[in-house]
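Along the sequence shown, residues carry numbers from 1.
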Amino acid sequence: LRSGSVGALDQLAGYFATQVEHKRIHTDVDSEEMALAYLGLLFSFAIIGPTHYGVTLDQPTRIAQHIVQMIMGLLQPSKT
């Protein structure tokens, strides 16, 4: 991951912001925070789990579904 204006976080935040702007997704979560949460999930499952905790990701499809479900939880407007 590179830092700077063309880094993964900026690109993903821009993607989420565009989706919200065009009303393709609905959320009260800031696009940069949403992007950071997504990157954190990917990093955790791909790097931290296997290298630091010995977690074997033998079912990548199931893991991908978990990540999608977690992110979809962010896409619900708050009720407050």
Side-chain angles (χ1 to χ4, degrees):
L1 297 174
R2 295 185 297 157
S3 60
S5 63
V6 293
L9 180 63
D10 290 333
Q11 290 178 351
L12 209 51
Y15 169 79
F16 284 131
T18 299
Q19 298 306 306
V20 169
E21 181 181 329
H22 288 94
K23 301 189 184 326
R24 292 184 190 116
I25 59 176
H26 305 281
T27 185
D28 295 333
V29 178
D30 176 75
S31 61
E32 190 170 80
E33 292 172 355
M34 197 171 3
L36 193 58
Y38 180 74
L39 289 173
L41 286 168
L42 292 178
F43 190 73
S44 292
F45 280 107
I47 307 293
I48 296 172
T51 60
H52 294 285
Y53 298 108
V55 175
T56 303
L57 301 178
D58 55 352
Q59 297 179 7
T61 300
R62 184 177 57 83
I63 298 301
Q65 289 171 342
H66 286 326
I67 291 172
V68 168
Q69 289 173 349
M70 288 181 221
I71 292 298
M72 292 305 291
L74 292 173
L75 301 180
Q76 306 301 319
S78 68
K79 295 183 173 130
T80 59

Next on the checklist: To the closest 0.5 Å, what do you measure between CD1 (Ile63) and CG (Asp58)?
Outcome noted: 8.0 Å
Item to check | Heavy-atom side-chain contact between Val55 and Phe45 under 4.5 Å | outcome: no
Checklist entry - How would you list, by chain and number, every residue that makes a side-chain contact (heavy atoms from CB on, under 4.5 Å) with Glu33, sequence neighbours excluded? => result Val29, Asp30
Item to check | Value rounded to 0.5 Å, distance of CD in Gln11 from CG in Leu39 | outcome: 10.0 Å
Checklist outcome for this item: In terms of heavy-atom contacts, Ile67 and Tyr38 come closest through CG2-CE1, 4.1 Å
Item to check | CG-CD1 distance between Leu42 and Ile71, expressed to the nearest 0.5 angstrom | outcome: 8.0 Å
Checklist entry - If you look only at pairs with a residue in residues 39-57, which of them pass as a side chain to side chain donor-acceptor pair (under 3.5 Å), with sequence neighbours excluded? => result none
Item to check | Taking every non-hydrogen atom, the tightest pair across Pro50 and Ala46 | outcome: CG-O, 3.5 Å
Checklist entry - Which distance, rounded to the nearest 0.5 Å, do you find between the CE of Met72 and the CE of Met70? => result 13.5 Å
Checklist entry - Which heavy-atom pair separates Leu9 from Glu32 by the least distance, and what is that distance? => result CD1-O, 3.8 Å
Checklist entry - Quick one: side-chain hydrogen bond (donor to acceptor under 3.5 Å, both in side chains) partners of Arg62, sequence neighbours excluded? => result Gln59, His66
